[in-house]
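Comments concern the structure below.
Residues take their numbers from the sequence shown, with the count starting at 1.
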Amino acid sequence: MITSPNDPTVYGYPHFPDTQAAVLLVDKPTGLSSFSVIRRLRRILGVRKIGHAGTLDPLATGMLICLVGKATKRMESFMGMDKVYTGVIRLGQTTASYDAETPVEVEVDAGAVTEEQLEAARRHFLGRQEQLPPMYSAVKVGGERLYRKARRGEEVQRKPRAIEISRFTLGARVGNDLPFEVACTKGTYIRTLAHDFGALLGVGGHLTALRRTAIGPYTVDAAWTLEALAEAAEARSEEPAP
């Protein structure tokens, strides 16, 4: 069962998510890792066996599909679905992590970048391509996560991954901040897209905000917040036994 607070047949406390086999659509808040969300769900639901179908960075928000109990067997099917993101690229600044997690290393004036250059760069990243995972990522090389190596200042060879960006739209630029929306295949690093986009323009760039709005046909508008789920669980526990 796909569980959403917007579905009255699910949100009604007698129809609370089946903790034996549930697919929870969760709106991850900023500042939490994906595994931190899992830990909270374990406390809320009182269930140990919970996983998620696709990591979000701590600074990112939005759709996290979490699978409970027997539903964890369906993880691969959800992980293979396309994703949609919105966010903001800040031109003229680069960071080691390609986002705001690490300090700005290089800053240049991006004021001369034209709308025509932005449009040409946007078109460049559409379609099938190979993308190099960032050093600050959970990809394993030599049995160790890349981000652990990156934090020690190491740089190692990474294998590019085949991805596809089917939609890449730009919003109205505000100073050096450029809003965007991207629809892409699994395995796409939006941080790398932001970095490569700025590099192509010759001014650098990094990601300052990211929100996953959809995974396959499931949108974040239909997702639970952790607070709403905790309230529903508490209300259900206080109901008299039938």
Side-chain angles (χ1 to χ4, degrees), residues 24-41 50-67 75 78-91 93-105 125 131-141 144-156 158-161 163 165 167-168 177-199 204-216 218-220 223-226:
L24 282 172
L25 309 181
V26 176
D27 186 351
K28 188 190 89 65
T30 188
L32 288 183
S33 69
S34 298
F35 188 66
S36 294
V37 172
I38 297 301
R39 285 198 295 262
R40 291 199 182 187
L41 290 177
I50 305 178
H52 65 77
T55 302
L56 275 177
D57 292 333
L59 295 181
T61 67
M63 176 68 84
L64 192 68
I65 295 182
C66 300
L67 302 109
M75 188 172 295
F78 288 103
M79 291 185 72
M81 293 178 177
D82 290 352
K83 316 292 192 299
V84 180
Y85 298 88
T86 61
V88 177
I89 299 171
R90 180 162 295 165
L91 301 175
Q93 295 179 347
T94 57
T95 71
S97 60
Y98 300 172
D99 65 8
E101 183 183 349
T102 56
V104 173
E105 294 183 323
F125 289 101
Q131 187 187 66
L132 196 65
M135 277 299 302
Y136 280 81
S137 68
V139 173
K140 282 188 176 181
V141 173
E144 186 179 29
R145 304 288 186 186
L146 281 177
Y147 65 79
R148 297 188 186 279
K149 297 178 182 291
R151 288 169 182 167
R152 296 196 299 266
E154 298 178 25
E155 182 84 17
V156 300
R158 288 101 71 197
K159 292 182 179 180
R161 294 181 168 186
I163 65 163
I165 295 176
R167 184 169 74 251
F168 183 18
D177 288 347
L178 189 64
F180 68 87
E181 182 181 54
V182 166
C184 57
T185 54
K186 71 171 185 176
T188 303
Y189 282 93
I190 308 302
R191 288 183 287 125
T192 297
L193 174 62
H195 173 84
D196 293 350
F197 185 84
H206 72 283
L207 195 66
T208 61
L210 184 66
R211 181 166 177 78
R212 187 155 64 196
T213 58
I215 298 178
Y218 309 110
T219 66
V220 75
W224 292 90
T225 64
L226 292 174

Partner residues of S33 under the side-chain hydrogen bond (donor to acceptor under 3.5 Å, both in side chains) criterion, sequence neighbours left out: S36

Qualifying residues under ring pair (Phe, Tyr, Trp, His ring centres under 6.0 Å), relative to F168, sequence neighbours excluded: F197

Least distance between heavy atoms, A183 atom then V84 atom: CB-CG2, 4.1 Å

Gap between atom CG of L178 and atom CZ of R90 - 0.5 Å precision: 11.5 Å

Nearest-0.5 Å distance that lies between atom CD1 in I190 and atom CG in L210: 6.5 Å

Worked verdict on I165 versus V182 for side-chain contact (heavy atoms from CB on, under 4.5 Å): CA-CA 7 Å; I165 295 176; V182 166; 4.2 Å; yes

From CA spacing to verdict: side-chain contact (heavy atoms from CB on, under 4.5 Å), K186, M81: CA-CA 6 Å; K186 71 171 185 176; M81 293 178 177; over 6 Å; no

Test applied, side chain to side chain contact (heavy atoms under 4.5 Å, CB included); reference residue, R212; option that passes from L64, T61, T86, T219: L64

Main-chain N/O of E101 paired with D99 side-chain donor or acceptor, under 3.5 Å: yes

For Q93, all residues meeting side-chain hydrogen bond (donor to acceptor under 3.5 Å, both in side chains), sequence neighbours excluded: E107

Residue pair A100 / H206: nearest heavy atoms and the distance that separates them: N-CD2, 4.0 Å

Spacing of M63 atom CE and L56 atom CG [to the nearest 0.5 Å]: 10.0 Å

For I38 against C66, the heavy-atom pair lying closest together: CD1-SG, 4.0 Å

Residue pair I89, F180: steps toward the side-chain contact (heavy atoms from CB on, under 4.5 Å) verdict: CA-CA 8 Å; I89 299 171; F180 68 87; 3.6 Å; yes

CG-OH distance between L193 and Y85, expressed to the nearest 0.5 angstrom: 11.5 Å

Taking every non-hydrogen atom, the tightest pair across V104 and T95: CA-CG2, 3.9 Å

Backbone of P133 reached by a side-chain donor or acceptor of R158 within 3.5 Å: yes

Under 3.5 Å: donor-acceptor pair, side chain of T102, backbone of S97: yes

Residue pairs passing the salt bridge (charged side-chain N to carboxylate O under 4.0 Å, His left out) test where at least one lies in residues 26-37, sequence neighbours excluded: D27-R211

Side-chain touch I163/C184, heavy atoms, less than 4.5 angstrom: no

For the student: nearest non-hydrogen atoms of G205 and T94, plus distance: N-CG2, 3.7 Å

Any L226 side-chain heavy atom under 4.5 Å of L32 side chain: yes

Ring pair (Phe, Tyr, Trp, His ring centres under 6.0 Å) against Y98, all qualifying residues, sequence neighbours excluded: H195

Main-chain N/O of Y189 paired with Q131 side-chain donor or acceptor, under 3.5 Å: yes

Pairs satisfying salt bridge (charged side-chain N to carboxylate O under 4.0 Å, His left out), at least one member in residues 29-40, at least two apart: none

Evaluation steps, side-chain contact (heavy atoms from CB on, under 4.5 Å), between V37 and H52: CA-CA 9 Å; V37 172; H52 65 77; over 6 Å; no

Side chain proximity check, L24 to L67, heavy atoms < 4.5 angstrom: no

